[in-house]
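To start, the structure under review is shown below, and the notes come after it.
Keep in mind that this is a model prediction, so the values were computed, not measured.
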Amino acid sequence: MNIGKAVKNCIFTNYAVIKGRASRGEFLSYVIFYVLFFILWDCMIMSLIGWFGDINLIDFVLLYVPFALFPPLVSVSCRRFHDCGKSAWMFLILLVPILNLYGLWVLCMTPGQDANRFGPVPPEVRLVL
């Protein structure tokens, strides 16, 4: 699986699916996509506001579009915790200020396990566009 397929898999196939596992590559590729999309979207909104002034209705609608991509972020994080052998409830640790560093370490640095109680080993993501 490449990066594009991993992002499509997170958005279209597993939009809000918490069951199963996600590899570290799938998690990181979606997080990078999410951050870049949010930055580019925000730059576009700010330039539109700069060109046209205060646009209330369009501004309101366009500012909340990126939040449609938040449920896949939650689901891929939960599936990544499953890949590490942890419960999906560990996602709540990301909301606690100091403990979230441990949660991020588990998500980004811990290698996936062999087949565990959450399912078989997920396919790896190759860094190919």
Within a strict 4.5 Å, meaning less than it, do heavy atoms of the [X] and [Y] side chains meet?
X   : Y   : result
F27 : R24 : no
Y15 : P71 : yes
Y34 : F70 : yes

Cluster question for you: counting only ILVMFWY and a side-chain heavy-atom cut-off of under 4.5 Å, with indirect links fine, are [X] and [Y] together?
X    : Y   : value
L40  : V35 : no
M90  : V74 : yes
L36  : M44 : no
F81  : V31 : yes
V106 : V96 : yes

Any donor-acceptor pair under 3.5 Å from N14 side chain to V76 backbone: no
Please check: side-chain N/O of S23 versus main-chain N/O of G112, any donor-acceptor pairing under 3.5 Å? no
Look at the aromatic rings of F67 and F38 and report parallel, tilted or perpendicular, splitting at 30° and 60°. perpendicular
Which atoms form the tightest heavy-atom contact between [X] and [Y], and what is the distance?
X    : Y    : value
L107 : S77  : CD2-O, 3.6 Å
P72  : C10  : CB-O, 3.6 Å
L69  : Y30  : O-OH, 2.7 Å
R21  : V121 : NH1-N, 3.8 Å
I93  : Y102 : CD1-CD2, 4.0 Å
S29  : I3   : CB-CG2, 3.8 Å

Roughly how far, to the nearest 0.5 Å, is [atom2] of [Y] from [atom1] of [X]?
X    : Y    : atom1 : atom2 : result
I18  : F118 : CD1   : CZ    : 11.5 Å
L104 : L99  : CG    : CG    : 11.0 Å
R117 : S87  : CZ    : OG    : 6.5 Å
K5   : T13  : NZ    : OG1   : 11.5 Å

Which pairs count as salt bridge (Lys or Arg N to Asp or Glu O under 4.0 Å) when at least one residue sits in residues 69-80, sequence neighbours excluded?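 Found E26-R79, R80-D83.
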Residue pair N100, L95: steps toward the side-chain contact (heavy atoms from CB on, under 4.5 Å) verdict: CA-CA 6 Å; N100 62 2; L95 303 175; over 6 Å; no
